[in-house]
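Here the structure is laid out as structure tokens; the discussion comes afterwards.
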Amino acid sequence: MSQSDKDKHDDHGGHGHGHANQSRFIQHHYDDAQHQFDSGKLGIWLFLVQEVLFFSALFVAYILYRHHRPEIYSYAHHYLDVKMGAINTAVLIFSSLTAAWAVRCAQLGQRKGLILTLSITIVCAVAFLVIKYQEYSHKIHEGILFGEKFDPCVSSGGGPLVTKRNLCEGIKSSVVFDRGATYSVATQPTGCLDAAKIDHSPLQPGIQATCKVAEVKFTRDAKGNKTDGAARDIERCEEGYVGGHGAHGEAKGKGPKFPCWTFSANPNICPTGPAVLVHYGDEAVHAGVEIRPTCDAPGPVVNKEVDAATTLAMGKGGTTHEMPKTKHELQHEFSMGPPPPHTNMFFSIYFAMTGLHGIHVLVGILVFLWLLFRAVRGDFTPDYFGPIDYAALYWHIVDLIWIFLFPLLYLIH
Amino acid sequence: MSSTTATPGHEPNYFHAKKGIKNWLYTVDHKRIGLMYLFGILGALLLGGFFALLVRIELFAPGLTIVGKDRYNEFFTLHGAVMVFLVIVPGIPAALGNIMLPIQLGAPDVAFPKLNLASFYLWCVGALLMVYSIANGGVDTGWTFYTPYSLHSAGSVWPAVLGVFLLGFSSIFTGLNFIVTVHKFRPQGMGWFQMPLNVWALYSTAVVQVLATPVLGITVLLLFVERTLHIGIFDPTLGGDPVLFQHFFWFYSHPAVYIMILPAMGVISELMTTFSRKPIFGYRFIAYSSISLALLSFLVWGHHMFVSGQSKLATMVFSALTFSVGIPSAIKVFNWAATLYKGDIRLKSPMYYALSFLLLFTIGGLTGLFLGILSVDVHLHDTYFVVAHFHYVMMGSTLVAFLGGLHYWFPKFTGKMYNEGLAKLCAVGVFLGFNLTFLPQFIMGSRGMPRRYWDYDSEFQIFHQLSTIGAFVLGISIFIQVIYLGIAFKSGKKAPQNPWGATTLEWQAPTPPTEFNFEVPPTLYELYNYDDLEEQPDGNWVRKPGSQPASTSSAHH
Ligand code: HEM
Ligand SMILES: [Cu+2]
């Protein structure tokens, strides 16, 4: 062993030393093919550790923001297309299989098989990016973006939404506002809003429209008895306040200034849609409310095509739910409302993670193309197939990261 | 070729192996790459030093001295960013380590020579981006790029941030290369505990480089995206969390201080034993403490954020954990001191640096413990006390070790000797200048002088003036060093093969080494056993006849 090694070091001419039948890709400073392969393998593993850590910060950010604002995640993930995501997952897993297969072919010196499996891997990777591109362009079109560019024209369930952008093509606002108009929302029973109608209205929590709820007047006291018409202005409960009208009846949030109001999606309170709850500390009651949106300039677009009379009939028994709804349907319906504040954060995370992952897929395609070229040239032999092995390992990690991303982003519940 | 090589040399040395500028630019020879790094890093050192002196001049008197407050902010930012990312982090591993690690292992090169070259070019592009941001208006965020200010600062933040990103990957690839080299290129007969301590230190450093730097990478990448696309992850106005940036930043940057100090500790271990003519005291303790420092360094980042709004529990845990890093650090200091004890100490110029290091690191480390105490840090945070602390460890320890290592290995990788008298003079200059600069900063910091301020009350003036004078002594000493080392490189006296009588393998290589480092495989003698070596009249140290090798071979496993 040491003799052959010595020969090698003396032979500083470079290549063509040592073992006559060794692949010409075994570099000079390695003892032999095995030494080169093992070194490369350790190297690629370290690189993959590095990759995982590189992504880890984004996963930490994900966990942190999800912990702080779960409502954003449960709202926003409806925007993602689970079908596309699932197809992509399948495509990527399949390509991982073909990549592993390529390694086997290279080990056995099966050039044709190697070329075939590498090609399939590349095709799958490209398909992944094409699907991703579809998803992205859809989101860009709909204004479902990160940061201040988050300005969707549809709610996460697909219904139209009144936002700054109102101008979204094809979206017709079904609610007509007047500046400062007062809407009396009848209660059925007390405090329940008609989801089908207010879906498009600015009445729900955290609307990002130019209109926001300015006043809530309530007409019932703590015991739920009708007050004598003397309406009182109260404020929305502090952000993050979770009302105490649960099974245990205790207030879970930090103490807001009581009384204050919130919306509740609890179908046990109002089966037809969200309810307005007025909180007095531990107790909450459905309130008969008057809700008054105020609109900042430039104000909402009035869609002339919509019959004002229909929309203003909101709450006046205009509901048309013939069939009792399932719980799931109700929840889904609620999710179709306007986004909670800072929903843009979900898409910051979504685009950062999938974008970075997409770049890795792109790099993978380039690497596999290069390997395909080399495979066609016939570079790989049973004693030199390291690059295929390393690329496949890289590809498995890219796949694995996606396998985490898919449920974390698309399948939240 | 030196006539003192173990065998008659018939191979050209690595300078002569392949000629021409192209053969340098495309080289995969770790020594050439290391040397190019060295030139780049020394250049960056002068650039960073230039900004340091501008900062110190501005602070010579209260109020406006040479520049206004905005310029001042740019000066200290560029000083810090250049020194940290371009000098101290890559300094020992990428330059000295690159040149010496394979030779200390008796190997022909690092495991991935092309990757090594790629790291170097990443460093170059990172450095150019840094210079571009200086030319393009400068950055005023501080080297820490804290959000949200860095999101809105008008400075040219993006090139600097992109530069840091690339420098990070340069560092990761160097670390990856070193880990594989140490695992796969040790000669037969060199187990983990027969490796030189410098190799242990570079190995531990590499672990931190690979595990911590990716987090810096993604953090600055997000900052870059934040500035270009306003993605919002760190931007409070969009619902993001600016403190998360601090967590990410320090999750890298505390371990990064061990990327800076661990290789310095490796160099110092070599110098201490060689110039004490005595086996290192507690070899295994030093080796293990390197690894444990590397791992503990990941648990203490929160000590930079005691007043950033962490929870009380977190601050207490981080404070307690901070003390744990004191243990392995202290182990090393005690081991070096014990190595000196009853040693036959030779005061050659590298040893001047080693002794300086011992004192300066002790001060730097102990003041770090002060800062780790929760109640004390609330008072000292963001004062000159912190500035003094980290300069004692980054400059007083890492840079001093870098200079010591440079003087120690210079004869080997250039084949030339420098002027020893001048070297000692400058070493003393560095030591005195350094202390004059930074001791007063402890005092003013503890009296409440905040860091990063361009103006101050007149009661602080005397300390600032001492500090500025010290900075000039320091700057001039380093400048003279660069000059005489440059002269020695061109036209110095020929260096013997083993001028210090050291036992590690690089001293068996020809001086300067050949392209693949050794003409004949080196012989492994017992590490750090100086009994068998004797000095010749020409200054070279050779083995006494009949010395018993520990084992022979250059085969790797
Ligand atoms: C015994 C080991 C050490 C301990 C316990 C320690 C502790 C600390 C603490 C608690 C701080 C935060 C002070 C504050 O901002 O209020 C700090 C700052 C710092 N330390 Fe250390 N340290 C140690 C060693 C080192 C080493 C070896 C280096 C570098 C080679 C280093 C570099 C720094 C730097 C750069 C800062 C300030 C960063 C900034 O805010 O700009 N420290 N250290
Ligand atoms: Cu720290």
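All chains are named by letter (A, B, ...) in the order of the sequence lines, taking the proteins before the strands, and each is independently numbered beginning at 1. Below, each value reflects all heavy atoms present in this structure, side chains not excepted, and no hydrogens, waters or symmetry copies.
- Of all the heavy atoms in A/S39 and B/F185, the pair that sits closest is OG-CE1, 3.9 Å.
- Aromatic ring centres of A/H28 and B/F516 lie closer together than 6.0 Å.
- Atom NZ in B/K184 sits 13.0 Å away from atom CD in A/Q36 (nearest 0.5 Å).
- Of all non-hydrogen atoms in B/P113 and A/Q27, the two that sit nearest each other are CD-OE1, 4.2 Å.
- In plain terms, the two heavy atoms of A/E148 and B/L238 that are nearest each other are N-CD2, 3.7 Å.
- Heavy atoms of A/L145 lying under 4.5 Å from chain B are absent altogether.
- B/T213 OG1 to A/F54 CZ: the interatomic distance, rounded to the nearest 0.5 Å, is 11.5 Å.
- Residue B/L211 touches chain A through both its backbone and its side chain, counting heavy-atom pairs closer than 4.5 Å.
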- Message: Run the side chain to side chain contact (heavy atoms under 4.5 Å, CB included) test on B/L244 and A/Y65 for me, step by step, so that the C-alpha distance in whole Å, both residues' side-chain angles and the decisive distance to 0.1 Å come before the verdict.
- Response: CA-CA 10 Å; B/L244 187 64; A/Y65 290 126; 3.9 Å; yes

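- Using a 4.5 Å cut-off between heavy atoms, B/T237 touches chain A through its backbone atoms (N, CA, C, O) alone.
- A pairwise comparison of heavy atoms in A/M345 and B/G232 identifies SD-O, 3.5 Å as the closest pair.
- Remark: A/L42 CG to B/I179 CD1 distance equals 7.5 Å, nearest 0.5 Å.
- The two residues A/Q50 and B/I172 have their closest heavy-atom pair at CG-CG2, 3.5 Å.
- Counting heavy-atom pairs closer than 4.5 Å to chain B, the top residue among A/S56, A/A61, A/A352, A/A57 is A/A57.
- Using a 4.5 Å cut-off between heavy atoms, A/I72 makes no contact with chain B at all.
- If you measure heavy-atom distances from B/I231 to chain A, the contacts under 4.5 Å come from both the backbone and the side chain.
- In this structure, the portions of B/D241 lying under 4.5 Å from any heavy atom of chain A include both its backbone and its side chain.
- Put simply, of B/V215, B/I218, B/L115, B/N517, the one with the most heavy-atom pairs under 4.5 Å next to chain A is B/I218.
- With a 4.5 angstrom heavy-atom cutoff, B/F251 does not touch chain A via any of its atoms.
- The contact between B/L229 and chain A is made by backbone and side chain atoms together, counting heavy-atom distances below 4.5 Å.
- The distance from atom CG of B/L176 to atom CG of A/L46, rounded to the nearest 0.5 Å, is 5.0 Å.
- Comparing A/F351, A/W45, A/F47 by how many heavy-atom pairs each has under 4.5 Å with chain B, the most go to A/F47.
- Counted within 6.0 Å of NZ on B/K18, heavy atoms from surrounding residues, nucleotides or ligands total 12 or fewer; the atom is thus considered open.
- In this structure, chain A has a heavy atom under 4.5 Å from the side chain of B/F169, while its backbone stays farther away.
- The most heavy-atom pairs under 4.5 Å with chain A, out of B/P214, B/A111, B/G240, come from B/P214.
- Atoms OG and NE2, from A/S348 and B/H230 in turn, are 12.0 Å apart once rounded to the nearest 0.5 Å.
- Both the backbone and the side chain of B/V210 come within contact range of chain A, each with at least one heavy atom under 4.5 Å from a heavy atom of that chain.
- Neither the backbone nor the side chain of B/L216 has a heavy atom closer than 4.5 Å to any heavy atom of chain A.
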